[in-house]
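Labels below follow one simple rule: chain letters A, B, ... track the order of the sequence lines, proteins then strands, and each chain is numbered from 1.
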2 protein chains.
Amino acid sequence: MTTIFDVAKKAGVSISTVSRVINNYPYVKDSTRKRVQKLLDEMDYVPNYNASSLVRKKTKTIAVMLPDITNSFFATMFHGIEERANQNGFVVIFGNTNEEIVREEEYVHIFLERRVDGIILDPVSPKGETLGPILKNKVPLVLVDREISGMEISLVSSNNRKGAAELTEYLIELGHERIGLITAASETSVFDMRNKGYVDALKRAGLEVRDEYIKVGVKPIPEVGQALVQSLLESDPPPTALFATNNFLAIGAVYGLRELGYSVPEDMAIVCFDELDIRTVLDPFFTSMNQQVYEMGVKAMDLLLKQINKELNGTEKIYLDPQLSVRHST
Amino acid sequence: MTTIFDVAKKAGVSISTVSRVINNYPYVKDSTRKRVQKLLDEMDYVPNYNASSLVRKKTKTIAVMLPDITNSFFATMFHGIEERANQNGFVVIFGNTNEEIVREEEYVHIFLERRVDGIILDPVSPKGETLGPILKNKVPLVLVDREISGMEISLVSSNNRKGAAELTEYLIELGHERIGLITAASETSVFDMRNKGYVDALKRAGLEVRDEYIKVGVKPIPEVGQALVQSLLESDPPPTALFATNNFLAIGAVYGLRELGYSVPEDMAIVCFDELDIRTVLDPFFTSMNQQVYEMGVKAMDLLLKQINKELNGTEKIYLDPQLSVRHST
DNA sequence: CTGTTAGCGCGTTCAC
DNA sequence: GTGAACGCGCTAACAG
């Protein structure tokens, strides 16, 4: 590829002059500017951004690490991030952590080597075990979705506790008094908050919080939801309604219920967190609490930008309110 | 951040020695290697990859441009690419083209500036209008999904024509003789091929290809599918079965049919290309021809790797066979 | 085994 | 207005 030097030689000027016209600096005679510009075009000159970032000391690159890009939740968030980054002249480099803490750790290292200007992370590590190098090097960092307790790091997430409480209250308003919870371990902040919101609502309504109505699985996936709902049905009396803390658990729950001949919502009402990709679902079924996912991505990028530009001292946490959408599962 | 120079000074050696231990070169005395390594760790040294790629002349970075990452089809493909790239020590930078040719053009320029080692592109531009700079600079390029006719560029895609023919034949075997086609403009290779496959099958079966059974929309989205199916029903006699060339069109078709009181498959059988995200669909409904999407991503990366490593002279085109999955819409 | 030197491609003073 | 010179952080000969 042609370099700034090649152009300079051909134009009979110094590289600094070429550099000046590339970067649109003043104090270049109009005639030479035009001459150089013409050569720039003719020679198909493409500036080497890496070389220039070496001296500018910023790469205009941010890194994004997400657990699973094939999950439409993360993909939508990613889209928001990318869009905003692009608008601000940033390029996005991406790493799928695959819910594996080792990959998160590896990617942190890789991205630091690339000298990214900032990082947006939906952490796999519940305690931020992988974050050391980022913090030590003071690289701007924004967490999304999942919070890490006890660490002062900027965050954009949803008001999970409040949303979960509202969702549970919705069931209570419908007249349900025995409400089951199907959820994942509290290790992940998101589920912790939703579990708490469920309890909040029950207590507020003066309903008993019964342990046998709370089923905790290892992973928030359909298979687990299916097993949990069946175990839930063994309680006596069984619940009349069910709160699944995410959509995959809810899907599994429906399968589990069907297997035993129960129908939804007649025999059991179901609500859950998160919407199923609306474009690919023929008949939206679940009454759900939907997060502002795209917005989360946008806000995360905005917050990161503030840190990169040093417009923020300290950290900031933003919680977006999820919204209830009533369908046929209740 | 600490540099190789800082470490060298503190260790009392030259920077080349430090460089040698960083890159695990031989010919370094074991004792000094250990001493340097210790300092490297203590001082939290993180190599500046951009600086080293400046001299190595490769960035170990590839760029991926896709039309819409929130579409699970592209997200799955992206996942395959990322996984494979990561395994081979490559980092992925991503650009969402949003189906806009302008963004594709901008991103091409941006990625060239970043001196990516290769590019994987699902092109928006039907004729490759944005590819000039890539080809001119001989940057390794692999197209995925959509083909650009008349250009010798490596490609990984599906055998769309064959798949469409098989899908149509499946309907014919079911006894249908009047089969409608709901599709998007042939400008995009993928739809062009599927349209041809439909015609192939009809001709092979000795069935008439009737123009009024072929409805072409501007975009492959539900709204369009909905309108097209209703226009299709105006033909006399109307078809008894329908081939939608992608899943979004199929969804729209179902809506359109319902609106007029038709039920699927009783009044109208439907088949389509592409599966709806299986994890988020409670009751898989459509009989569909499913592409090996993840595999496409993997193969695209492998092919790009071959070009980057100059193990391939010329170009290569790979077509994966899609697979039929029979459900309840037929 | 180790250090010196010369760049990689570019931005940025500082003179002229 | 313009150019020479230095340096960003690192690798790669080449000496020694």
Side-chain angles (χ1 to χ4, degrees), chain A residues 1-37 39-40 43-61 89 109-117 137 139, chain B residues 1-37 39-40 43-61 89 109-117 137 139:
Chain A
M1 284 201 180
T2 79
T3 75
I4 200 175
F5 181 80
D6 302 331
V7 180
K9 203 168 60 178
K10 201 154 193 167
V13 297
S14 76
I15 58 168
S16 14
T17 299
V18 178
S19 174
R20 284 190 188 101
V21 355
I22 290 169
N23 297 297
N24 261 314
Y25 280 12
Y27 306 128
V28 178
K29 207 200 297 177
D30 231 44
S31 61
T32 69
R33 180 185 298 277
K34 271 182 188 143
R35 190 157 44 91
V36 170
Q37 187 58 59
L39 254 56
L40 249 18
M43 301 174 74
D44 294 313
Y45 172 75
V46 180
N48 185 328
Y49 206 93
N50 295 329
S52 85
S53 36
L54 192 58
V55 19
R56 284 191 169 128
K57 295 204 167 282
K58 40 188 173 178
T59 54
K60 281 282 185 178
T61 303
H109 191 244
I110 290 174
F111 294 155
L112 253 29
E113 286 186 341
R114 306 305 247 243
R115 294 295 188 272
V116 294
D117 291 337
N137 290 297
V139 176
Chain B
M1 284 202 179
T2 78
T3 74
I4 201 175
F5 182 80
D6 303 330
V7 179
K9 201 168 61 178
K10 200 154 194 168
V13 297
S14 76
I15 58 168
S16 18
T17 300
V18 178
S19 173
R20 285 189 189 102
V21 353
I22 291 169
N23 297 296
N24 260 316
Y25 280 13
Y27 307 128
V28 178
K29 207 202 296 175
D30 230 44
S31 61
T32 68
R33 180 185 297 278
K34 270 182 189 144
R35 191 158 43 91
V36 171
Q37 188 57 59
L39 253 57
L40 248 17
M43 301 174 74
D44 293 313
Y45 172 77
V46 180
N48 184 329
Y49 206 93
N50 294 330
S52 85
S53 32
L54 190 58
V55 19
R56 284 190 169 131
K57 294 203 167 285
K58 42 188 171 176
T59 54
K60 280 282 184 178
T61 303
H109 191 243
I110 290 174
F111 293 155
L112 253 29
E113 285 186 345
R114 304 306 244 245
R115 294 295 189 272
V116 295
D117 292 337
N137 291 296
V139 175

What pair of heavy atoms forms the shortest contact from [X] to [Y], and how long is it?
X	Y	result
B/Leu40	B/Ile22	CD2-CG1, 3.9 Å
B/Val36	B/Ala11	CG2-CB, 4.2 Å
B/Leu112	B/Val139	CD1-CG2, 3.9 Å

Whole-Å distance separating the [atom1] atom of [X] from the [atom2] atom of [N]:
X	N	atom1	atom2	answer
A/Ile22	C/dC10	CD1	C1'	8 Å
B/Arg114	C/dG9	CZ	P	18 Å
B/Met1	D/dC8	CE	C1'	15 Å
B/Lys34	C/dC1	NZ	P	13 Å
B/Tyr49	D/dT11	OH	C1'	12 Å
B/Asn48	D/dC8	CG	C1'	9 Å

query = Is B/Pro26 touching bases, backbone alone, or none of the nucleic acid, heavy atoms closer than 4.0 Å?
reply =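 Since no nucleic acid heavy atom lies under 4.0 Å of B/Pro26, the category is nothing.
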query = Does B/Arg33 reach the main-chain N or O of B/Thr17 with its side chain, forming a donor-acceptor pair under 3.5 Å?
reply = no
ask   = Short question: side chain of A/Ser19, backbone of A/Ile15 - any donor-acceptor pair under 3.5 Å?
value = no
Can you check whether [X] has a side-chain N or O nearer than 4.0 Å to OP1 or OP2 of [N]?
X	N	value
B/Thr32	C/dT2	yes
A/Lys57	D/dG7	no
A/Ser52	C/dC10	no

With rounding to the nearest 0.5 Å, note down the distance linking [atom1] in [X] to [atom2] in [Y].
X	Y	atom1	atom2	value
B/Glu113	A/Ser53	CD	OG	10.5 Å
B/Asn48	A/Arg115	CG	CZ	4.5 Å
A/Met1	B/Asn137	CE	CG	3.5 Å

message = Looking only at the side chain of B/Tyr27 (C-beta and beyond, no hydrogens), which of the listed nucleotides C/dC1, C/dC10, D/dC10 gets closest?
response =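 Closest nucleotide to the B/Tyr27 side chain: C/dC1.
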query = With nearest nucleotides of DNA chain D determined for A/Lys29 and B/Asn50 from heavy-atom distances, which residue corresponds to the more 5′ nucleotide?
reply = A/Lys29
With 3.5 Å as the limit, what N/O pairs link the protein to nucleotides 12-16 of chain D?
residue	atom	partner	partner atom	Å
D/dA12	OP2	B/Tyr25	OH	2.7

message = So, using side-chain hydrogen bond (donor to acceptor under 3.5 Å, both in side chains) as the criterion, who are the partners of A/Thr32 when residues are at least two apart?
response =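 Testing A/Thr32 for side-chain hydrogen bond (donor to acceptor under 3.5 Å, both in side chains), a comparison that skips the adjacent residues, returns none.
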message = Does anything in residues 43-57 of chain B form a salt bridge (charged side-chain N to carboxylate O under 4.0 Å, His left out)? List the pairs, not counting sequence neighbours.
response =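 For residues 43-57 of chain B, and leaving out neighbouring residues, the salt bridge (charged side-chain N to carboxylate O under 4.0 Å, His left out) pairs sorted by first residue read A/Lys136-B/Asp44.
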key: DNA chain C: 5'-proximal contact among B/Ala51 and B/Gly12 (nearest heavy atom)   = B/Gly12
request  = Apply salt bridge (charged side-chain N to carboxylate O under 4.0 Å, His left out) to A/Lys29 and list each qualifying residue two or more places apart in sequence or on a separate chain.
outcome  = none
task = Scan residues 2-10 of chain A against DNA chain C and write down, sorted by residue number, each residue with any heavy atom closer than 4.0 Å; if none is found, say none.
result =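 Close to the strand are A/Thr3, A/Ile4.
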task = Please report the C-alpha distance between A/Thr3 and A/Asp6 in whole Å, then the side-chain angles of each, then the deciding distance to 0.1 Å, and finally whether the side chain to side chain contact (heavy atoms under 4.5 Å, CB included) criterion is met.
result = CA-CA 5 Å; A/Thr3 75; A/Asp6 302 331; 3.6 Å; yes
inquiry  = When the axes are fitted on five pairs at both termini, how much does the helix from C/dC1-D/dG16 to C/dC16-D/dG1 curve, in 10° steps?
reply    =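 Rounded value for the end-axis angle: 40°.
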